[in-house]
There are 2 protein chains.
Amino acid sequence: MAERIGKHTIILPSKPSVYGYASVVGKAEGEGPLSKEFDKAYNDDTIDGCPTWEKSESALHKEAVSRAIAKADLSPKDIDLIMAGDLLNQCIGTSFGIRELQIPFLGLYGACSTMALSMALASVLVDSQVVNTAVASTSSHFASAERQFRLPLEYGGQRPPSAQRTATASGATVISHHKGNTACIEAVIFGKIMDLGIKDANNMGAAMAPAAAETIQSFLNDTDTKPSDYDLILTGDLGKVGSELLIDLLIKDFNIDISAVHNDCGLMIYDLEEQDMHAGGSGCGCSAAVVNSIIMKKLGNGSLKRVLFVGTGALLSTTSSLQGESVPGIAHGVLLTNGE
Amino acid sequence: MAERIGKHTIILPSKPSVYGYASVVGKAEGEGPLSKEFDKAYNDDTIDGCPTWEKSESALHKEAVSRAIAKADLSPKDIDLIMAGDLLNQCIGTSFGIRELQIPFLGLYGACSTMALSMALASVLVDSQVVNTAVASTSSHFASAERQFRLPLEYGGQRPPSAQRTATASGATVISHHKGNTACIEAVIFGKIMDLGIKDANNMGAAMAPAAAETIQSFLNDTDTKPSDYDLILTGDLGKVGSELLIDLLIKDFNIDISAVHNDCGLMIYDLEEQDMHAGGSGCGCSAAVVNSIIMKKLGNGSLKRVLFVGTGALLSTTSSLQGESVPGIAHGVLLTNGE
């Protein structure tokens, strides 16, 4: 049975398993450094000719979930609950993506932290035997996000160097009480909203870094561990600006140096220089695709043993920004291990 | 420890308690038939002069949560987790409302089903001892919803008789493993997305009725109970059109007649004739305020003993409607009892 330790961390003694996982991505992501790691990269961001970007995102989401379930040798009727979300208004990327699967559905919103949130919640519910098998999934799409949050692609808007690119990507994890051979989830932490007053919606890495710092230091403190106890502390997605800030903040405020073990999904999914991706990737689907590809593979083959995955989200909308509001951040954490 | 029975229902043997609850509403809701039941009704939907409707909604949400926590004789630091959401894009009604409370936050999106979703999830996590005390809350605001989903109020748009009015309201429930004296939650059910192809976004009751029917019949079937085993089967919010459809659907498809025990939060919050409220109330805050006022009071004083609360949500956005999509519905259920 789950046990709370310290202030916020929840230990999962049954160590729920990653029983299946999948990631599917768009063209730019398929041309990036993780090209060979994803289950499928589409040549075209319409995702096989969907007539709108929103439908493309839904198709991507459905594909990731369906593949993860199939890779677990299960069918949708074997899944007790799906916990999922995305960035689109009213989370339509998810609801229209998964409606045909007919799985009981728990809708989540945590901006780009949603993959960590859904994995954390699914693991807790599996550990507590509330469900036997659950799916955690998220999606994002560059073109649907640009139209909704910034400007339609046709406008040809320029983005500042601090901006991150919303990844066209979706990832899904099947979490089960049955033992898998990929990885297991040993602990989770749900974060608090942190708002240090950043108002630049083109610099979300900076807005989310304090939340990531808070969640990481809480987790290390609660579990009495230090950065060197992890092979990787993986944020998703702070990008270049936010990652540098996170490392500085943790040193300055908490005397914790994670620089030797830190990486960020937004820095891994693109070659920032070659692909001209400014500060890196972002979006619900970015960390979902990175975690559900190279990270799970490396946990499965033992080249990674302990990964603290911390999803970070910026809880803003276009309306809140236009009304002069700051950008609150949140970060949720999941401890993935190879079960040793 | 939680036990799954039948296909989808989750029994909570520890019967988590409603340890505190509160509801705050706007002007029209304060002039309706439940006027005396709410903790506070504002005279003015700006909510003490907030400069934008979105900030008004956040203020309303914060007030409901703060009051529920205070009525439970607790302070925000005593709350392990808040599960909350609203209808605004990226759920800003919630995130800006609760950010100062500094409680670990799990963001939910289930459209108007979110109150049932948040209560169900909070109860499961309390029953599983993952948390000791959690808050479930939602909000909605007539003016912020009109501007976002339909037309700004200044336009003076007319609504068809099948349309429901988004309530300016927020409700919060403190759910705890400590015994309260109001009510307890004995079982929950998470629903599936149901889509029968309804495309009229002004007739959301009709779009949500099939989901409500599915969840109610699943719950009755899983628990081997019949409508007369409940004092009340309370949907939120189908309004007039959707409620009639629900009763018809359950008779026709499942031979279940709930007409003697059914009511709908959207029909309770306004006097439809006197207040000219078309098909009734809706919005995340409508069922939140009705459940966290008259329903909890009646459970507390024993005049209600078993209430099956089924929150219903329409998982659409303005974009999905403009793109010709149908309106998928979802319904989540919570069995509230007086603990006998």
Side-chain angles (χ1 to χ4, degrees), chain A residues 1-4 8 10 51-52 54-55 80-81 85 87-92 94-96 98-111 113-114 117 120-121 124-125 127-132 144 148 189-195 313 315-320 323 325 328 330 332, chain B residues 1-4 8 10 51-52 54-55 80-81 85 87-92 94-96 98-111 113-114 117 120-121 124-125 127-132 144 148 189-195 313 315-320 323 325 328 330 332:
Chain A
M1 190 180 288
E3 184 195 351
R4 287 168 67 80
H8 299 299
I10 299 164
T52 70
E54 291 75 17
K55 290 187 204 287
D80 299 316
L81 197 57
L87 299 176
L88 294 182
N89 297 342
Q90 289 70 56
C91 301
I92 57 167
T94 305
S95 51
F96 288 93
I98 65 164
R99 66 179 155 176
E100 286 157 27
L101 301 176
Q102 289 292 293
I103 304 168
F105 167 51
L106 199 162
L108 296 176
Y109 186 75
S113 74
T114 309
L117 176 60
L121 187 59
V124 164
L125 294 181
D127 180 73
S128 303
Q129 300 182 30
V130 173
V131 295
N132 292 325
S144 63
Q148 178 179 285
I189 181 167
F190 297 105
K192 295 185 288 188
I193 298 174
M194 299 291 288
D195 191 340
L315 301 173
L316 81 168
S317 79
T318 51
T319 303
S320 68
Q323 292 179 358
E325 271 289 4
I330 196 161
H332 304 291
Chain B
M1 189 177 289
E3 185 195 350
R4 289 168 66 80
H8 299 301
I10 299 163
T52 70
E54 290 75 18
K55 290 186 203 290
D80 299 317
L81 198 57
L87 299 176
L88 294 182
N89 297 342
Q90 289 71 56
C91 301
I92 57 167
T94 304
S95 52
F96 288 94
I98 65 164
R99 66 179 154 176
E100 286 158 27
L101 301 176
Q102 288 293 292
I103 303 168
F105 166 51
L106 198 162
L108 296 176
Y109 185 75
S113 75
T114 310
L117 176 60
L121 187 58
V124 164
L125 295 182
D127 181 72
S128 303
Q129 299 182 32
V130 174
V131 296
N132 292 323
S144 64
Q148 179 179 284
I189 182 167
F190 296 105
K192 293 185 288 189
I193 297 175
M194 299 290 289
D195 191 339
L315 301 174
L316 80 168
S317 78
T318 50
T319 303
S320 68
Q323 292 180 356
E325 271 290 3
I330 196 161
H332 303 292

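Within every chain, numbering begins at 1; the chains are lettered A, B, ... in the order of the sequence lines, protein sequences first and strands thereafter.
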Side-chain donor-acceptor contact under 3.5 Å, A/Q323 with B/T52: yes
Going from OH on B/Y109 to OG1 on A/T94, what distance comes out if it is rounded to the nearest 0.5 angstrom? 11.5 Å
Once rounded to the nearest 0.5 Å, what's the spacing between atom NZ of B/K55 and atom OG1 of A/T319? 11.0 Å
Passes side-chain contact (heavy atoms from CB on, under 4.5 Å), A/R4 versus B/D80? Steps please. CA-CA 10 Å; A/R4 287 168 67 80; B/D80 299 317; 3.3 Å; yes
Counting heavy-atom pairs under 4.5 Å to chain A, which of B/G191, B/A2, B/A120 comes out on top? B/G191
Working to the nearest 0.5 Å, report the span between CD1 of A/I103 and NZ of B/K192. 10.0 Å
So, for B/P104 and A/F190, which heavy atoms are closest and what is the spacing to 0.1 Å? CB-O, 3.5 Å
Got A/S128 and B/V130 here, is their nearest side-chain heavy-atom distance under 4.5 Å? yes
Quick one: are B/Q102 and A/M194 in side-chain contact, heavy atoms under 4.5 Å? yes
What distance do B/L81 atom CG and A/I10 atom CD1 have between them, rounded to the nearest 0.5 Å? 7.0 Å
Tell me whether A/Q90 contacts the main-chain N or O of B/L87 through its side chain, where contact means a donor paired with an acceptor under 3.5 Å. yes
Nearest 0.5 angstrom please: A/L117 CG to B/L108 CG, how far? 8.0 Å
Considering only heavy atoms and a distance below 4.5 Å, find which of B/C91, B/A111, B/S320 pairs most often with chain A. B/S320
Side-chain touch B/I193/A/L101, heavy atoms, less than 4.5 angstrom: no
Looking only at heavy atoms, what is the nearest atom pair of A/S317 and B/N89, with distance? CB-O, 3.6 Å
Side chain, backbone, both or neither of B/Q148 within contact of chain A (heavy atoms, under 4.5 Å): side chain
Please state whether the side chain, the backbone, both or neither of B/I189 comes within less than 4.5 Å of a heavy atom of chain A. neither
Best-contacting candidate, A/E3, A/E325, A/E100, against chain B by heavy atom pairs under 4.5 angstrom: A/E325
